[in-house]
Amino acid sequence: MTRLTILEYPDPRLRTRAVPVDTVDGGLRELIDDMLETMYAAKGIGLAATQVNVHRRLLIADVSEGRDEPRVFINPEILSSEGTETSQEGCLSVPGYYDDVERAERIRVRAQDGDGRTFEADLDGLLAICVQHEIDHLDGKLFVDYLSEMKRQRVRKKIEKERKLRAEGRAPETSRAPAI
């Protein structure tokens, strides 16, 4: 398995809309394994293929306490949603920044699993938030898009400053835990 590079905001590739996955094959399963390794290493709970510069409709998630219940969603779509919930979100592509985002409290999703079998699931809690967050990535949207322009500018400047300091070896690596 290989650890992949996670794109960081404001990288324009994060705005690319992912295309549907046509075939579930060995190459896709290898990508899934690499994404899981990348997500676990970054201490995240979800990762969309877009975040690793693969623009296919694929996301993974693991919100379990033991970090041992990975979920794969290929070509995910939200069939219905109900309620609203506001919670703190972070993002592996926006390291070190967290803010309140309002999302549906419960969703029904249809997707394919890692073997290409179609399934539907009713999700709530952290998994519902995570899947909505990752589907946004597949649509070229980031959680900072839910924030005011002033907050987005502040986040962009903070990340660019930290990136510059890291490149110069003058700042420690940004903590990425826990983030979606």
Side-chain angles (χ1 to χ4, degrees), residues 1-76 88-99 101 109 111-116 121 123 126-145 155-156 158-160 162-167 169 171-180:
M1 290 190 286
T2 303
R3 284 194 193 159
L4 306 169
T5 300
I6 298 172
L7 301 176
E8 290 185 2
Y9 177 76
D11 192 310
R13 294 172 290 181
L14 289 167
R15 300 299 184 176
T16 303
R17 187 170 175 83
V19 298
V21 171
D22 293 329
T23 307
V24 177
D25 57 14
L28 188 71
R29 287 187 191 93
E30 185 176 328
L31 174 61
I32 291 167
D33 289 343
D34 291 346
M35 286 175 61
L36 285 167
E37 180 174 337
T38 302
M39 178 188 72
Y40 289 133
K43 297 180 175 46
I45 60 170
L47 187 67
T50 301
Q51 292 176 272
V52 294
N53 202 29
V54 177
H55 303 288
R56 299 172 75 191
R57 294 194 74 78
L58 164 66
L59 69 88
I60 58 167
D62 187 347
V63 299
S64 67
E65 293 270 333
R67 313 284 291 140
D68 56 0
E69 296 176 28
R71 303 279 304 262
V72 175
F73 298 83
I74 300 169
N75 297 323
Q88 282 273 304
E89 287 189 24
C91 180
L92 295 175
S93 291
V94 187
Y97 188 81
Y98 300 84
D99 212 318
V101 177
V109 65
Q112 293 169 279
D113 64 18
D115 294 318
L123 308 177
L126 187 55
L127 185 56
I129 291 167
C130 182
V131 168
Q132 290 172 82
H133 177 108
E134 301 307 339
I135 288 175
D136 274 355
H137 275 298
L138 299 178
D139 293 333
K141 186 172 184 176
L142 286 90
F143 94 102
V144 294
D145 296 340
V155 170
R156 185 179 297 119
K158 177 183 175 198
I159 289 172
E160 288 172 349
E162 288 175 358
R163 187 178 301 132
K164 181 180 177 186
L165 290 173
R166 282 195 315 261
E173 188 68 25
T174 303
S175 171
R176 294 180 176 251
I180 299 176

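Worth knowing before you read on, the calculation uses all heavy atoms, side chains too, and leaves out hydrogens, waters and symmetry mates.
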Problem set entry | Interatomic spacing from CD1 in I159 to OG in S93 - rounded to 0.5 Å | 9.0 Å

Exercise. Is there a side-chain contact between F143 and Y9, using heavy atoms and a 4.5 Å cut-off?
Worked result: no

Exercise. Between I135 and F73, is any pair of side-chain heavy atoms under 4.5 Å apart?
Worked result: no

Exercise. Closest heavy-atom contact between G46 and Q51?
Worked result: O-OE1, 4.5 Å

Exercise. How far apart are the closest heavy atoms of R67 and I45, and which atoms are they?
Worked result: NH1-CG2, 3.8 Å

For this session: Enter the distance from L92:CG to E8:CD here, rounded to the nearest 0.5 Å.
Result: 9.5 Å

For this session: Check A111 against P76 and note the closest heavy-atom contact, atom names and distance.
Result: CB-CA, 3.8 Å

Exercise. Roughly how far, to the nearest 0.5 Å, is the CG atom of L165 from the CD atom of E160?
Worked result: 12.0 Å

For this session: Return yes if some donor-acceptor pair links the side-chain N/O of K158 with the main-chain N/O of G96 below 3.5 Å, else return no.
Result: yes

Seminar exercise, completed: Between V24 and D115 the two heavy atoms that sit nearest each other are CG1-C, 4.0 Å

Exercise. Pairs in or reaching into residues 15-34: which pass side-chain hydrogen bond (donor to acceptor under 3.5 Å, both in side chains), with residues at least two apart or in two chains?
Worked result: R15-D145, R17-D139

Exercise. Passes side-chain contact (heavy atoms from CB on, under 4.5 Å), T50 versus H55? Steps please.
Worked result: CA-CA 5 Å; T50 301; H55 303 288; 3.8 Å; yes

For this session: Give a yes or no answer on whether the side chain of E134 reaches the backbone of A48 with a donor-acceptor pair at less than 3.5 Å.
Result: yes

For this session: Find out whether V54 and L4 are in side-chain contact, i.e. whether some heavy atom of one side chain is under 4.5 Å from a heavy atom of the other.
Result: no

Problem set entry | Between CG on residue L36 and CZ on residue R3, distance to nearest 0.5 Å | 13.0 Å

Exercise. Out of curiosity, L47 CG to Y40 OH, how far, rounded to the nearest 0.5 Å?
Worked result: 11.0 Å

For this session: May I ask you to test the D113-R71 pair for a side-chain heavy-atom distance under 4.5 Å?
Result: no

Problem set entry | Minimum heavy-atom distance P20-N75, with the two atoms named | CA-OD1, 3.2 Å

Exercise. Does a side-chain heavy-atom distance below 4.5 Å link L31 with M35?
Worked result: yes

Exercise. Out of curiosity, L127 CG to D62 CG, how far, rounded to the nearest 0.5 Å?
Worked result: 9.5 Å

For this session: List the atom of I32, the atom of G114, and the distance in Å for their closest heavy-atom pair.
Result: CD1-CA, 4.3 Å

Exercise. Is there a side-chain contact between T5 and N53, using heavy atoms and a 4.5 Å cut-off?
Worked result: no

Problem set entry | Contact check, side chains of L59 and H137, non-hydrogen atoms, under 4.5 Å | no

